[in-house]
Structures are given as C-alpha cells and as structure tokens.
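Heads up: the structure comes next, in structure tokens.
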Amino acid sequence: MDDGLNAEQRSAVNTLAGPLLVLAGAGTGKTRVVTVRIAKLIRQGIQPDRILAVTFTNKAAAEMKERVGAQLGKRLKSMPVVSTFHSHCVRVLRCHIRKLGYPEKFAIYDRGDQESLARGVLREIRVPGEMLKPSDLLFHIGNWKTKCIRPQDAEAVAETDKEHLAAIAYRRYQAKLKTLGAVDFDDLLLLTEQLFTESQEALREEANRFDHLLIDEYQDTNGSQYRIVKALASGHRNLCVVGDDDQSIYGWRGAEVQHILRFARDWPDATVVRLEQNYRSTAEILEMSNRLIAFNKTRHPKVLKPSRSGGPKPRVEQFKTETEEAEGVVADIQRLLLSPDWEPRDFAILFRTNEQPRAFETELRKVKLPYVLIGGMSFFDRREVRDLLAYLKLLASPDDEVAARRIINTPPRGIGNKTIEQLTSAAVQEGISLWEVMHRPGPMQALAPVARQAVTSFCELIKSFRARVEGGESLVDITRSLLTAIKYEDDLTRTCADENETQARWAAVEEVVNALGAYESKARKPDLRKFIDDVALGDSEFDNEKDKQLKKNAIALMTMHSAKGLEFPHVYVVGLEEGLLPHHRSVEADGDAIDEERRLCYVGVTRAEERLTLTMALTRMKWGKPRETIPSRFLFELIGQADNPHARSAAHAAPARPAQGRRKTGRATSTTRTSPPKKTAAKKAAPKKNVAKKSTSTRPASQRPAGTPPPRKGQRKP
DNA sequence: CCTGGCATCATTTTT
DNA sequence: TGATGCCAGG
C-alpha cells in the first residue's frame with residue numbers, strides 16, 4: 001500500500017511507535033507520508049479516534065481528513081481526530097474550564113473583539129489615545145501572553161512607560177475578560193496549559209483520550225503549544241512531529257524554531273527521518289532555494305534533491321514602479337495563458353504585505369483575468385458581517401459586552417454615546433456587565449426617559465430572540481426575522497453611498513446567513529455558540545468558501561504566509577526589495593528576524609513547480625509618495641554570484657559600496673547599490689550552472705559592506 | 001443624537 | 001494612500 005514511496009518516506013511511515021521527528025523539506029511529499037502513516041496505524045488495529053492529528057491551519061486539517069478518508073475508504077466507524085491547536089483547545093476547555101473559574105459557555109474573542117475590549121479598558125482607566133493605543137496594548141499583551149507572563153507579573157517586566165501603562169491595562173483587560181466569561185485567542189492555549197498543570201485529573205483524562213499524537217508544522221509551535229504537546233504525549237510517547245525548520249515563519253506569533261531543532265534532545269530515543277527528495281520543483285528552482293536558505297545559521301542541515309529536470313530558468317525582473325511591476329507580471333501571465341497548457345489556476349502571485357496586491361488587482365481587473373485574493377481577513381472585518389455576528393453572539397452569550405456595545409445602537413435606535421457612557425460607568429461601579437446593568441432600576445432611572453425607553457426596548461428585542469433560540473427554532477429563520485425586525489437592510493440602504501454598495505453589503509449578510517444554514521443542516525445538534533466559535537476560529541463554512549475560491553479557476557494572489565503548503569506551476573514572488581521582503585521591521589529588529597524573512601522568501605520560491613519569477617520595483621509608493629528602493633539582499637543570495645555575471649559584477653562592485661550614505665535611506669545597513677541586477681541578464685545570460693554546490697558555500701564577504709549592523713551570520717555549516 | 005467633513009495618523013505576517 | 005478619530009453643525 002505504500003507503493004511509490006521512496007526509502008526515506010517509507011521509514012517515516014514505518015516508524016509507528018515512539019517519538020519520531022520527520023524533517024520534511026518543501027515539496028517532499030510530507031502530506032502523503034503523514035496520511036499513509038495514519039492509515040497504516042489504523043490498519044494495524046489502532047482505533048481511528050484514538051489518533052489525534054494537530055495541524056496548523058484549518059485548511060490543512062480539512063485536507064488531511066480528506067486524504068486519510070481517501071486512503072481508508074469510508075467504511076470506518078470513526079475517524080481520526082484532526083484539528084488545529086486552537087480548535088482542540090476549545091474542545092478541551094469546554095469540558096474542563098470550570099476548574100479554572102470560567103463559565104462553560106465562555107465566548108471566544110477574535111482580534112476585532114479584542115480591539116474593542118482594549119479600547120474600552122483604556123477609556124476606563126483614562127489613558128489618552130496618544131499615550132497608548134488599543135493596538136499597542138494588544139501588542140504588549142500578546143507578547144506577554146506568548147511568554148506566559150501573567151497580568152500581575154507584567155509590571156515587573158515592563159521597562160518603558162508604555163509598557164508600564166500597558167501592564168496596568170493588561171490586568172484590567174484580563175480581569176474583564178474573566179468577568180465577561182470570555183477568552184481571547186492566546187488564552188485558549190494559555191488556559192489549556194494552565195489546566196494541565198493545575199489539574200492532574202483533567203490532564204490524565206485528555207492525555208488518555210489518544211494513543212497517538214501527530215503534530216504537523218511542528219516548526220511553528222509556540223511555547224504553550226509545545227508544553228501542551230509534551231503534556232499530552234508523555235504518557236504513551238507515540239509522538240510524531242513533522243515539520244521543516246526552514247519553513248518556520250511564525251516567530252512573530254511566538255513560534256520557536258528551537259522546538260523542532262531540539263526535538264531529539266527532548267525525546268532522546270527519537271527516530272529522526274529526513275525527507276529531502278523534492279517532487280515539486282525543477283532543479284533550477286531548487287538550486288536557488290537551497291542556495292538562499294543556506295544563508296541561515298541555525299538549521300537542521302538539509303539539501304533538497306530534485307527529481308525533475310528541465311523547465312524554464314527562474315527569472316528576475318526589475319521594473320520602474322510597482323504599477324509597472326504589476327503590468328509586467330500580468331502581461332507575462334496573459335502571454336502564457338495563450339498556450340493551451342496553462343490556465344489561470346496555475347498561477348500565483350506571492351507578496352509580503354497586504355498593501356501589495358492592490359496594484360495587481362487593478363491590473364488583473366483591467367485585463368479581465370480571473371483572480372482570487374486569498375487571506376486578507378477582509379470578510380470578517382466587514383462592518384455588516386461583524387454587526388450580524390455581534391447580534392448572534394449576544395443571543396448566544398448575554399454577557400458578551402463587546403458584542404453588546406457594537407450593536408446596542410446599530411442600526412441607530414436612540415441610544416447615544418452619553419447613554420452608553422452612563423450605563424458603562426454604572427456597570428463598572430457595580431462590577432456587573434452592561435447587560436445586567438440594563439436591568440437594574442437604579443442606573444436605568446438615571447437615564448433620560450427617551451433613552452431609557454430605547455434601552456428597554458433593545459433589551460426586549462434581544463430577550464425575545466434569545467427565547468426563540470432557546471426554543472430550538474431554526475437559526476436561519478430566527479436570523480432572518482431578526483434582520484427584518486431591526487430593519488437592517490433599510491439601514492444599509494440609508495448608510496451606503498450607492499446601490500452597488502448596499503447590495504454588496506447585503507450580499508455579505510446573506511452569506512453569513514447561508515453559512516449558518518449550511519452549518520445548521522450539517523450539524524447533528526446545531527448550537528449557535530458552536531457556530532460562532534467556528535467562525536472565530538476560522539473553521540466555518542466560510543472557509544469552505546475560501547477553499548472553493550482556491551479551486552476556482554483563477555490566479556491566486558496571496559501573502560507568502562498563506563502560501564505555505566501550496567504549490568503552483570507558475571509563481572511570481574514580487575516586491576523583492578529591502579524593507580519589504582526583508583521587511584523593515586525585521587531589518588531593524590536584531591537577532592534572527594532576518595533569518596525568518598529569509599525563510600519566508602524560501603517558502604515563497606519553493607512554491608513554484610515549473611517556473612519562478614522574482615520581481616522588484618525600483619521605486620514604490622509609500623504613503624502616497626514614491627520612494628526609491630534597494631534590491632533585496634535575498635535577490636543576490638538567490639541568484640548566486642557564481643551563476644550570473646551581473647550578480648557577480650554586483651559582488652565585485654561591492655567594495656565600492658561601503659562608501660555608502662549617499663542615498664539617505666536612514667539605515668546604516670542599506671547597501672548603496674547603483675546597478676541592481678539587470679533583468680535581461682539574470683533571465684537569459686545565466687550560464688549553465690553545474691557549479692551550484694560551490695556557489696552555495698561562499699557568499700563573498702565583500703557583498704555586504706563589512707561591519708554593517710546585521711552581522712552576517714550566514715556562514716553555513718560545512 | 002446623528003451625520004458628514006476634516007485632520008491626523010500609521011503603516012507585517014494570522015490561528 | 002487609506003482608515004480612523006474628532007468636531008461642528010443639523
């Protein structure tokens with residue numbers, strides 16, 4: 001049954017017991033190995049539902065489920081549990097969170113909710129916006145949470161004024177979450193971890209639920225996840241982790257490559273299997289990729305070996321502006337699409353930041369090529385979607401203050417800021433929720449009669465619909481009638497500039513209703529809260545939509561982050577410029593930030609199966625102003641001076657470069673390049689490169705001005 | 001209380 | 001450039 005597996009893959013599949021680390025390079029058939037392995041476990045008599053596979057994204061989970069299903073046929077009574085960390089933690093917490101003093105029906109706050117909450121907290125403690133913005137606060141809280149620093153300890157570690165302020169706000173934020181019976185994304189992990197340390201009973205119960213634990217994308221686990229994994233696996237020790245340290249791109253979210261790097265130390269009897277045979281990309285693409293990633297200092301050494309030969313050479317293209325970059329790329333795609341070999345879905349344009357796709361979108365629209373913009377959590381950020389979800393949340397959990405605030409006066413029903421202010425301060429004083437305070441005679445009497453009336457009827461509205469939910473009526477019906485009751489469509493008509501916008505927004509509302517309908521018809525026992533959880537965790541019907549989008553025959557536009565795990569015949573990695581691909585935040589940060597950017601770039605280029613195009617713009621609009629750019633250092637690393645005369649000449653020219661500072665980029669690290677690699681040269685003139693091996697090992701020291709800040713640690717191991 | 005206009009502000013990646 | 005916040009007028 002493991003026919004067609006190579007030796008490496010086979011050994012990964014056959015090590016069924018004990019700790020196993022699979023170091024799977026890009027395009028080495030990792031998913032296949034994992035699914036075959038799971039299937040094999042089941043064939044050996046392991047109960048499917050005693051296997052827990054944890055993936056990083058919902059998409060990956062869905063895919064894995066599908067493939068395991070395909071391997072085994074549908075006649076299984078149960079299926080392996082495939083879940084993301086976050087979803088699994090929700091499941092665990094729903095059972096045990098009482099032990100931590102939270103209500104069983106806790107609400108999950110997404111980013112938008114967090115922001116509202118943060119805003120409220122800052123208002124309450126009267127911190128003016130210029131001293132600490134909600135996003136700043138969340139940034140700090142996020143940092144602390146990923147480092148497991150509790151609110152009460154944050155002040156001790158705070159250094160700057162902002163941090164001290166944030167520490168105070170953090171206490172309040174966390175306390176508030178708790179009284180509201182809500183948890184944020186980080187809490188899901190943090191609380192699970194806490195649960196496991198505080199309750200042996202809960203830990204035992206959860207750990208005993210499975211005999212085999214499998215973690216995909218292990219390089220992206222953060223501290224909490226790492227400890228949760230350890231806790232769950234230390235009993236049976238049947239832990240299989242799969243990942244590629246070279247593709248660790250979530251350090252900013254607390255992921256630590258160290259976890260995968262030291263797996264063998266954590267589990268001394270671990271088997272380590274390397275998958276290096278790449279089935280995805282042409283030899284030349286791989287050569288570039290290998291050469292690039294070799295500049296990173298800390299990694300499990302591995303070199304991807306090609307199985308494909310031939311194919312067009314990877315190209316580097318340089319344009320004057322980002323508009324021309326978009327035009328150039330799109331024109332190239334258009335040209336290729338003339339051939340019957342390719343269709344739109346074979347193309348992907350990968351970028352670093354979310355402002356980049358704009359130019360490509362307009363261009364693609366202009367020439368009427370179908371495209372999909374993946375990611376960009378735009379859908380849930382849309383006003384109308386958030387509004388409707390807030391109503392649903394309020395129906396599901398009465399104390400959801402953030403939701404309440406959002407829709408208490410949407411559409412306008414005569415509850416203005418002043419009223420809300422009064423109610424809030426009363427709630428703070430009495431230490432109760434906004435919802436509760438609306439039922440206290442005292443604070444209510446203090447309101448102006450008109451406002452009081454408005455508040456009362458709002459409460460009635462919510463209560464009546466909540467009763468219908470509890471009565472078990474169809475959620476879709478309830479939602480439809482709710483939308484009618486609040487005259488939401490009228491409100492949209494009123495507030496939108498034109499009819500198109502109204503329609504678009506209403507369509508989004510309908511989409512939510514449809515998703516609810518889909519959920520309702522699929523779920524055995526539909527539960528509004530579960531639906532809302534799924535939406536918050538990105539595990540909803542919407543994602544199926546997104547997946548369908550990907551399957552739509554369209555050119556894919558996405559960030560390199562969201563491209564992980566995907567592959568396309570034609571890949572355009574765009575915006576290879578200093579400050580953009582090594583993002584300036586990473587350039588300024590010290591430590592391993594640049595290495596992560598390099599990994600990101602590596603992820604980008606290794607998506608390409610057939611043909612890779614790297615592009616950059618010589619000037620790029622920033623904040624409405626055109627700004628000169630500098631070619632990304634990765635460009636030089638990718639090309640490899642040994643292979644390309646222009647890259648070589650660039651390297652030779654380098655000694656001149658330390659005479660820098662003429663271009664006022666303000667950063668000492670900037671290399672004052674005057675002649676970036678010429679596209680034609682890179683494209684055509686590249687001589688046959690049988691010298692790749694040599695070129696990987698030596699990055700001329702001269703290429704980077706000596707002694708410039710980001711110390712080149714890029715010495716690769718022998 | 002609501003709205004629209006003006007100013008200001010900040011620019012990464014996402015479960 | 002675009003998103004958001006604040007203020008003044010309705």
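Fair warning: this is a prediction, and the values are worked out from it, not measured in the lab. Just so we're on the same page: letters track the sequence lines, and every chain starts at 1.
- Between A:Asn58 and B:dT14, a side-chain N or O to OP1/OP2 separation shorter than 4.0 Å is absent.
- In this structure, the CD atom of A:Glu596 is 9 Å from the C1' atom of B:dT13, given to the nearest Å.
- Rounded to whole Å, the distance from OH on A:Tyr250 to C1' on B:dT13 is 7 Å.
- For A:Ser87 and B:dT15, the shortest distance from a side-chain N or O to OP1 or OP2 is not below 4.0 Å.
- In the set B:dC2, B:dT14, B:dT15, the nucleotide with an atom closest to the side chain of A:Thr57 is B:dT15.
- Every residue meeting the side chain to side chain contact (heavy atoms under 4.5 Å, CB included) condition with A:Ser397, not counting sequence neighbours, appears here in chain and number order: A:Ala107, A:Asp400, A:Arg529.
- One can place CG of A:Asp113 at 19 Å from P of B:dT14, the figure rounded to the nearest angstrom.
- Spacing between atom CG of A:Leu138 and atom P of B:dT12 amounts to 15 Å, rounded to whole angstrom units.
- A donor-acceptor contact under 3.5 Å is formed by the side chain of A:Trp252 with the base of B:dT13.
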Inset, instruction - Give the B/S/- string for nucleotides 1-10 of chain C, one per nucleotide from 5' to 3', where a protein heavy atom under 4.0 Å of the base yields B, of only the sugar-phosphate yields S, and otherwise -. - result: BS--S-----

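- Straight-line distance from the CD atom of A:Glu355 to the P atom of B:dT12: 8 Å, rounded to whole Å.
- Contact annotation for A:Phe85: no contact, since no heavy-atom pair falls under 4.0 Å across all strands.
- OP1 or OP2 of B:dT13 lies within a sub-4.0 Å distance of a side-chain N or O belonging to A:Asn354.
- Residue contacts for A:Thr419: at a heavy-atom cut-off of 4.0 Å it reaches the sugar-phosphate backbone alone, with no base atom in range.
- Distances shorter than 4.0 Å separate none of the side-chain N or O atoms of A:Asn222 from OP1 or OP2 on B:dT15.
- Distance from the side chain of A:His583 is smallest for B:dT12 among the nucleotides B:dT12, B:dT13, B:dC1.
- Both A:Ala536 and A:Ser135 sit near DNA chain B, but only A:Ser135 has its closest nucleotide nearer the 5' end.
- Between A:Ile415 and A:Thr559, it is A:Ile415 whose nearest contact on DNA chain B lies nearer the 5' terminus.
- Under the 3.5 Å distance criterion, with hydrogens and angles disregarded, a donor-acceptor pair is assigned to the side chains of A:Tyr488 and A:Asp387.
- Of the N and O atoms on the side chains of A:Gln225 and A:Asp220, not one donor lies less than 3.5 Å from an acceptor on the other residue.
- Among B:dC2, B:dT12, B:dT14, the nucleotide with an atom closest to any side-chain atom of A:Arg352 is B:dT12.
- Of all heavy-atom pairs between A:Ala390 and A:Arg406, the closest is CB-CD, 3.8 Å.
- Distance A:Ile249 CD1 to B:dT15 C1': 13 Å, rounded to the nearest Å.
- Ring pair A:Phe185/A:His86: centre-to-centre distance below 6.0 Å.
- Using the six-membered ring where Trp is involved, A:Tyr250 and A:Phe56 have ring planes that are tilted, between 30° and 60° apart.
- Listed nucleotides B:dC2, B:dT12, B:dT15 differ in distance to A:Thr353; the shortest reach to its side chain belongs to B:dT12.
- Nearest heavy atoms, A:Asp595 versus A:Asn296: O-ND2, 3.2 Å.
- The distance between atom CD1 of A:Ile374 and atom C1' of B:dT14, rounded to the nearest whole Å, is 15 Å.
- Between A:Gln247 and A:Tyr602, the side chains place no donor N or O within less than 3.5 Å of an acceptor N or O (distance only, hydrogens not considered).
- For the C1' atom pair drawn from C:dT4 and B:dT13, the interatomic distance equals 22 Å after rounding to whole Å.
- Here A:Asp110 lies out of heavy-atom contact (under 4.0 Å) with every strand.
- B:dT14 atom C1' lies 14 Å from atom CG of A:Asp184, rounded to whole Å.
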